[in-house]
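Just below is one structure, and these are the notes that go with it.
Basis for what follows: all heavy atoms, side chains included, without hydrogens, waters or symmetry-related copies. As the structure is a computational prediction, the values presented were derived from the model and not from experiment.
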Amino acid sequence: MKSNTYELIAPCHFGMEAVLKREILDLGYEISSVDNGRVTFVADAEGICRANLFLRTTERILLKVAAFKAVTFDELFEAVKAIPWEEYIPRDGKFWVAKASSVNSKLFSPSDIQRIVKKAMVERLKKTYHMEWFPEDGAEYPLRISIQKDVVAVGLDTTGVSLHRRGYRKYTAPAPLTETLAAAIILLSPWKRDRILVDPFCGSGTIPIEAAMIAKNMAPGMNREFLSEKWVNLIPKKEWYEVSEEAMDLVEEHADAAIQGYDLDQKVLKMARANAALAGVDKLIHFQQRDIINFSSPKKYGFVITNPPYGERLSSKGEMELLYRTIGNIIKENDTWSFFLLSGYGDAQKAIGKKAEKNRKVYNGMMKAYLYQYMGIKPPRQKHSEAWTN
């Protein structure tokens with residue numbers, strides 16, 4: 001592997017690895033492995049910038065520094081100490097273990113893992129920089145340690161604040177869906193911007209806004225900063241400028257789309273409109289106060305992509321059953337429409353009265369949910385002559 005080429009780890013929601021893998025391949029990078037909740041790929045310094053700016057479905061980008069087996073703290077210490085940290089962290093760099101996690105491993109105490117890794121790093125850098133004390137007043141280099149079945153993966157966090165923080169969601173309703181999961185559900189569907197998309201439970205607008213950003217080809221990281229922008233020892237400033245310019249050039253300002261968001265709560269709709277304006281996509285979305293029971297559209301072949309209320313958001317089981325029965329009736333009445341429903345309600349399919357064509361287990365944070373996919377009748381294929389004249 002060339003010295004300027006890295007392995008990058010992109011964590012994602014469990015169940016959405018295939019969507020992230022496709023995104024990475026579309027960016028032009030080679031996948032090295034796909035595991036539960038993460039995709040690892042090969043890229044250069046420019047790739048770190050592009051992955052942070054363009055990937056919609058990952059939480060952060062980690063620069064993989066090392067992977068090794070360790071079953072004792074002595075083994076962990078020695079393996080971390082052997083890593084050439086001077087190639088990554090400058091003399092004034094601020095470094096610490098921001099997070100340590102362990103699954104099915106002998107080493108399981110996060111605080112002990114964090115302490116020992118930091119100690120080993122200091123020992124290594126003392127020898128290479130001939131320093132006894134580090135000011136740590138320069139750029140930040142936080143580490144994330146993941147131990148699975150005694151295999152330790154060490155990654156430098158290039159992102160900082162999680163990538164689901166696009167910068168537009170200043171106002172949130174209760175139980176919001178993360179931007180990365182909303183984008184993953186949209187990308188998992190066959191929806192394209194020439195088809196109508198409706199979210200009848202839009203809350204603060206995350207699904208419609210993410211769809212509008214996809215319609216405009218707007219990079220999700222355009223309006224935010226990343227920790228590694230200050231890593232001038234690893235990523236030349238010009239890489240960030242060039243990638244930001246690439247993102248701006250790709251935005252289709254005059255893109256057209258029919259995207260709608262409904263909610264019963266006017267306050268929540270006010271938040272959604274404000275968020276859409278901050279994202280720069282308010283002209284593509286029509287928000288309105290509307291009950292799901294009044295769902296109707298003269299258009300055919302549309303998409304409903306939504307996260308209906310469940311759990312704490314509905315006060316009784318009877319209410320929930322009634323809501324999902326209503327959704328079932330709407331699916332029956334709109335057979336040319338496709339429905340993608342993310343729900344944690346265990347009896348959703350039973351209440352809807354129809355088994356989903358596809359049913360994907362997804363973790364929304366720590367909450368297990370299912371993405372139920374009900375595909376409508378496909379539109380007739382256009383003849384070549386019609387395609388040219390339309």
- Would you please classify the geometry between the Tyr129 ring and the Phe134 ring as parallel, tilted or perpendicular, with 30° and 60° separating the classes? perpendicular
side-chain contact (heavy atoms from CB on, under 4.5 Å) test vs Tyr168 passes for just one of Thr206, Val281, Asn223, namely Thr206
For the residue pair [X] and [Y], establish whether any side-chain heavy-atom pair is separated by less than 4.5 Å.
X	Y	value
Leu55	Leu163	no
Thr158	Leu234	no
Phe95	Val122	yes

Rounding to 0.5 Å, atoms CD1 (Ile235) and CD (Glu46) come to a distance of 11.0 Å
So CD1 of Ile48 and CH2 of Trp231: to nearest 0.5 Å the spacing works out to 7.0 Å
Aromatic contact, Trp191 with Phe340 (centres under 6.0 Å):
no
Open item on the list: Tell me if the centroids of the rings in Tyr141 and Tyr88 come within less than 6.0 Å of each other.
Closed with: no
Do Ser204 and Arg169 have side-chain atoms, one donor and one acceptor, less than 3.5 Å apart? no
Cluster membership besides Ile9, Ile/Leu/Val/Met/Phe/Trp/Tyr side chains within less than 4.5 angstrom, sorted by chain and number, is Leu62
Apart from Val103 itself, members of its ILVMFWY cluster (side-chain separation under 4.5 Å) are none
Mark yes when over 12 heavy atoms from residues, nucleotides or ligands other than Lys300 sit less than 6.0 Å from its NZ; otherwise mark no. no
side-chain contact (heavy atoms from CB on, under 4.5 Å) filter on Lys361, not counting sequence neighbours, yields Tyr363, Lys368, Tyr370
Per salt bridge (charged side-chain N to carboxylate O under 4.0 Å, His left out), Lys216 is matched among Glu252, Glu210, Glu253 by Glu253
